[in-house]
Each structure stands twice: as structure tokens, then as C-alpha cells.
Novice: 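The structure is given below, and queries will be raised subsequently.
Lettering follows sequence order; numbering is per chain, from 1.
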Protein chains: 2
Amino acid sequence: MGRVSIKDIAGKTGVSTATVSLVLNGKDKCGRISEALSEKIRETAKSMNYKPNGFAKALRSGRSETIGLVVADISNPFFAHLAFHIQEHADGYGYSVIITNTNESTEKMEKRVAILKCRQVDGFIVVPTENGNRCIEELHENNIPVVLLDRYFPEMPSHYVGVSNFHASLEATEYLLTLGCRKIALFTYKTTLRHAQERRDGYVAALASRNLYDSRLIKEVNHSTITEDINRSVQELISGQNEIDGIFFTTNTISSIGLKKLREMQVHVPNDIKVICFDKSESFAFSNIPFVQQPIAEMGRQAVDIIVEQIRDRNQSPVHVELKTELIV
Amino acid sequence: MGRVSIKDIAGKTGVSTATVSLVLNGKDKCGRISEALSEKIRETAKSMNYKPNGFAKALRSGRSETIGLVVADISNPFFAHLAFHIQEHADGYGYSVIITNTNESTEKMEKRVAILKCRQVDGFIVVPTENGNRCIEELHENNIPVVLLDRYFPEMPSHYVGVSNFHASLEATEYLLTLGCRKIALFTYKTTLRHAQERRDGYVAALASRNLYDSRLIKEVNHSTITEDINRSVQELISGQNEIDGIFFTTNTISSIGLKKLREMQVHVPNDIKVICFDKSESFAFSNIPFVQQPIAEMGRQAVDIIVEQIRDRNQSPVHVELKTELIV
DNA sequence: ATAATTTAATTAATCGATTTAGCAAAATTT
DNA sequence: AAATTTTGCTAAATCGATTAATTAAATTAT
């Protein structure tokens, strides 16, 4: 009734478990098992519907063939797609992926990473939270392979896959400028995470070079009060005397909320105001809003490639992959 | 350098591994270990930063404290949210969740389930594909706990959590009728999956009772050619002589594509045509389109509760949970 | 015919934790 | 004082698979 083990096969075939293991792992040639016996064992294994016990294997080998994926929010389409591609690609290497959420909470991230450590994942792909560096450092200290994804900590050497945020942001802002915008607001998270700062810097660079930079047009929102923050800031900007003519939303979540608020206020995009966003969002299926497209599939693929490489051979010097984005107008 | 094992603690404390295990599992009382020794062991364990090896535990106990979640597409927000809630709730029970995709392919579903079986997940939560019944039956035969989610196979008794599709659909269609619609089209998948049929049946029932049923207004789309199918059918319906005044899109994916096509054709919702959808979608953040809201968090919670219950005590008679939806207008 | 080599399979240790049965020593009862 | 019970701890088997070391048999070489 219970699972079929290698012992059952050995019993039925009248050989030792070692022989069965050798054959079933294709090591019968160097273990020199006769072809006839090999065939017989393979057949009984199949007929008994033998499935190797992953834990026994993992316990023995110390490798779980599992990658831990730690993301900020699996219900965010950007991360969901990323997770999808990571899983698909990991599959090709024979790796399973355990996905886990942090909700942008460092505390939760630490807890989840600890759990995955107990489960002996072979490596981590992590979209770190703000202040998550300590947690990542610990993984480094334990010599556990990690790849950071989407975000990174500049002061800490680490494998990383992301996009050229500064350039993407510069390009996006310049696009609004070419449309004739002169007073462009920026919506971004209030965070020390470098990727967010890069996006801000790109925006600043584009405006500053034309003497259009105005710090009052930068709106920082908190993750925990995101909707209220955005609604308030949009309200302020639109009804204030600032007369803005463009907005750059730097993430898909911010875009969704911001666009909804604009609509509620009867501000029409792009007639009344031009908008550009980082990441696509379903919320502008209708308005053909231009956006910065990240190569999600490629990001996932590279992250998996790097982590698998790491697992096979640790202690390689940190790889820093910065992929190009595309401006979709 | 390597992991700290129970043996290391035993060595350092000068006791046997049995004692350490007993203490660390809180069985020191019935194993009758002296309080002083217990304390000493707990301290060294902490100071050595001991983390139990999950595989050894799982191998010994036969339980992995892991639930396999098999969904059709993690990048679909409906499933992503479901996955999110399942994970959150499973966490409370100390279970990890391995999420895996099937892309609506039965073949892939079988492969993924097989992989998870090897990893000895304690139970499965599955959003099955069409023709996935054979795969589920096999799990039943192996006496592995399963809960079907969102979809089920009526001929096969099984634990299941879903919504009252027929009633939701009836209600949605009737809502369009109260808005004055008389020629309402239905967009649904061409599938034998019962939940889809229930949605169709609800629509049919609402119209048939008013003698408004017209089979030509039912548009079935294939999963693999969904965009073309929807675009073609929308085109046909709008430009044809059928003069439809309402559309019911029965899933969020179908809604997104259909609404986009309508917009491209310059058909305005709800002025030119009324629309109602199953599930919310970002794509109608702007148009306030009415929709059938499923209790996603509750679905996830119930699925976890049932599977955990099952793992603890198999062979309970199948629980069939049908949750209520809410019409959001 | 004997020694050396090759082939074919097995034994037993191991991974890390759990758990049952059982041994001594101490405490209690008779 | 002897018998019994309780207390405190350990030895060893076990989960399922892998693998180095070893043995036994068959083959080839001398």
C-alpha cells in the first residue's frame, strides 16, 4: 500500500538494493551490472511504479534540487510573471521552485528565508525588501547561493539581475519632454532601495539638463499607505497652482492607483495630462499609455542560469546583469 | 563549517543523540530528562545555531509539511491572489506551499503532479485542467490528500472548494436584463469543465425563462487561440445584424481581451453596450464595469483547512464547499 | 595449472533525526 | 533488608537511497 522503495524492487528481483540503485541511476555500466539484470530491474521498477523518495535522496546528497524564490508580492503581475518564467526555466534544469511572499516586510523576509533554509533549498532568488541586506549577508556568510532580482544593495557585492533603471527612467522622462511636457511630476516609493533611486535619478537627470527640475514635483509614497498617499498627491498636483502637464509613475502598482485617481478626478489622459509608467498594467489597456517594458522572461531566465551555476560551483565572483528595457509607446 | 546536526550537540553536551532529540522536541518530560540537562541542551543548541534538517525529519516521519499547489497560470491575477492567500493561511499551520503551473495543459499537470509526488508533498490543492480527472483519480488511488479548487469533476467524488457558478451567472445575466438588455452575448471557454458549463447554464437559464435565449449568441473560445477567437467573435457580433446590447464575459482573461477589442472598435461601454464580467480585472478600473466577485481569500482559506484536515485524518467523506459570490455594480 | 585480471554483485556505512526497548541507579514501598 | 517502582538516560533500529570497499566468480594471461 505504502510507497514502493528500492528495497521492494530488490526483494522482488532477488538482488541487493545497491544493485537496484546503480541500475536506476544509470551507473550500471561503471558499476558493471549485466545487461540482462539491468533490464530486469528497470522493468520491475516500472511495473511497480517506483518513484524515488526525494528526501532520502536529498538527505544523502545534501542537495534538494530546489530553488527558493522570495518575492515581495506574488499577486503583483510583474512578480507573478517573473515567478512564472523562473519556474519554467528552472524546470529545464530539473529544479523545483518554492515561491514565498514577503509583502515588502523585512521581518517577514527573514522569517521566510529561515524557513527555506530549513528546507535546504539549494539556492535563493530574492527580490529583497528595504533593509533586507542583513538577511542576504547572512546567506552569503553561510555560503548559500543567492541571486538578487530587480533590486540590489550597492555596498554589498552580490549576484544580481535587473534592468538599467537610470537609463530607462531618463528615456521615459525625455519621451514626455518630446511630447511637449514641461512640468512633469514623479511618483515613486519613499525607500532607500537603490533601484527606486536610480529611477528617480534618471528623471532628475532628464529634467535638470533642461533646467526643468523642481523637487516639489517629486511625490514619495509609503508602501503601507500607498493609496491614500497617491490620492492625496494627485489631488494636490492637479488642483494646485503647479499646473503639471505630465506624470511619471515608477511602478505598476503606483500606476494603477494613480491612473484610477486621475480618472475619478475626470482628468483625461493624454488630453489633459501626459502619463508614462514603469511596467505595463492592465489598467491602461484602454488608454494606450506609454510605458517602460522590462524583459521579464529574460530576467527570470538569467536569474535561474546564475543560481544554477552558483549551486554547481560556489564562490564565483559576483555577476551583475543589467538588462535593457524598451519604451513602448 | 557545515550544518550543525543533533550529533554535534550531543557531542558537545556529552549525551546521546536520543536525549538531544527528546529535549529539542519537547518530549523531555515523558522521556524523563532532568530539567538541568534539558536546559543545558537547549542552550547549546541555540548557541550552535542548530537548525533541524527537514529532509531527515521528513524521511523519518514520512511527512514533509508541504502542500503542493497546482494552478493553471500563476500570472493570472485570480490564481496569483489565490496562491497568495493559500500561502498565508498554510503558514499558520506550519506548512510550506510549492506552487506550480500547468498552463491549462493536462500533460503538464500530470508531469508537475508527478514531480510533487516525488517531493512527497503531504497533500495537493489543485485547479485541474480539462481531462485532468485521470491524474486526480490516481492521487485518490494512492490515498494522497487532494482538494480541487475552482473546478471539479462531477462524476468523481472529491474534496472541492469553489463558488456557486450557476447562481452567480444567473444573477449577472439578470442584472444585464434589468438594465434593459435583450440580446446578450456570452463569452466562455470551449471546455467540458463543469464550472464553465455552470456559468453558461446560469446565463441560459436567465434568458430562457424570458424567451430571450439564442444559441448563436454564445461564443466559445479556445484557450490556445483565445485572442483571435475573441477578436473574431466580438467583430462578428458588433458588426453583424444581430444588434447585441449586452455581453457577459465569463472569466477575467476573456474580459481583458474582449474589452480591449471593444475599445479598439470604438464601442463604448456602457453607452453602446452593457458588459458584465466574472472576476475583477484591472482592465476595467476606468469603466466601472459590474462584475461577479469571488471570495478569493475565503476560497484559499477553506482549501487549506480541508487539506490540512485531510492530511491529519485521511479517508473522510468528500467535502463540497460552494461559496457565495457577490455582484459588484 | 596457476596467477592475474576483469566482471558482477554484495556488504555495510552514511546522511540526520526519531523512537522503542531497555539498562542502571535512585527512591519508594513492603 | 528485600522487592518494587520511578527516574534519567542510552543503544540501536529505522526511514530510503547512495557508494566505497569488498568478495566471489569468470576470464585471460603466464
Novice: B/Phe55 has an atom CZ; how far is it from atom P of C/dT14, in whole Å?
Specialist: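 Spelled out: CZ on B/Phe55 to P on C/dT14 is 22 Å.
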Novice: Is the ring centre of A/Tyr95 less than 6.0 Å from the ring centre of A/His89?
Specialist: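 No.
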Novice: In whole angstrom, what separates B/Arg32's CZ from D/dT5's C1'?
Specialist: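 From B/Arg32 CZ to D/dT5 C1': 11 Å.
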Novice: For B/Lys27 and C/dT20, what is the distance between atoms NZ and P respectively, to the nearest whole Å?
Specialist: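 Roughly 8 Å, once rounded to whole Å.
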Novice: Can you figure out which of C/dT11, D/dA11, D/dG16 approaches the side chain of B/Ala18 most closely?
Specialist: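 Closest of the options to the side chain of B/Ala18: D/dA11.
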Novice: Between the side chain of B/Arg119 and the main-chain N/O of A/Gly54, is any donor-acceptor distance below 3.5 Å?
Specialist: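 Checked: no pair found.
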Novice: Where the side chain of A/Ser16 is concerned, which of C/dT10, D/dC15, D/dA17 is the nearest nucleotide?
Specialist: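 That would be C/dT10.
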Novice: Ignoring the backbone of B/Ile6, work out which of C/dT19, C/dA17, C/dG22 is nearest its side chain.
Specialist: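 Within the option list, the nearest is C/dA17.
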Novice: Rounding to an integer number of Å, can you tell me how far A/Glu35 CD sits from C/dT7 P?
Specialist: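 About 15 Å, once rounded to whole Å.
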Novice: Without decimals, in angstroms, what is the distance between A/Asp8 CG and D/dG16 P?
Specialist: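 The answer, rounded to whole Å, is 8 Å.
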Novice: Could you state the atom-to-atom distance from CG of B/Asn25 to P of C/dA17 in whole Å?
Specialist: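 Rounded to the whole Å, the gap is 10 Å.
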Novice: Take the protein atom CG of A/Leu37 and the nucleotide atom P of C/dA8, then report the distance between them rounded to whole Å.
Specialist: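 Taking CG of A/Leu37 and P of C/dA8, I get 10 Å after rounding.
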Novice: When you get a sec, tell me which of D/dT7, D/dT10, D/dT19 is the closest nucleotide to the side chain of A/Leu22?
Specialist: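 The answer is D/dT19.
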Novice: Assuming nearest nucleotide by heavy-atom distance, tell me which of B/Val15 and A/Thr17 is located more 5' along DNA chain D.
Specialist: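 Counting from the 5' end, the first nearest nucleotide belongs to B/Val15.
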Novice: With sugar-phosphate meaning primed atoms plus P, OP1 and OP2, does B/Ser5 contact a base, only sugar-phosphate, or nothing at under 4.0 Å between heavy atoms?
Specialist: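 Sugar-phosphate, backbone atoms only, no base.
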Novice: How many whole angstroms separate atom CG of B/Leu59 from atom C1' of D/dT14?
Specialist: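 Taking atom C1' of D/dT14 as the reference, CG of B/Leu59 is at 9 Å.
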Novice: Taking NZ, NE, NH1 and NH2 as the nitrogens, is one of them in A/Arg151 or A/Glu104 under 4.0 Å from a carboxylate oxygen of the other?
Specialist: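 So A/Arg151 pairs with A/Glu104 through a salt bridge.
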Novice: Just compare C/dA9, D/dC9, C/dC15 and give me whichever is closest to any side-chain atom of A/Ile33.
Specialist: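 Closest nucleotide among those given: C/dA9.
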Novice: Testing the basics here: between A/Ser75 and B/Ala80, what is the closest heavy-atom pair and its distance to 0.1 Å?
Specialist: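 Heavy-atom minimum between the residues: CA-CB, 3.9 Å.
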Novice: Counting the atoms with a prime plus P, OP1 and OP2 as sugar-phosphate, which does A/Thr19 contact under 4.0 Å by heavy atoms, base, sugar-phosphate, or nothing?
Specialist: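 If one applies the 4.0 Å heavy-atom cut-off, A/Thr19 turns out to touch a base.
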Novice: Can you see which heavy atom on A/Val121 is nearest to which on A/Ser64, and at what distance?
Specialist: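 Looks like CA-OG, 3.6 Å.
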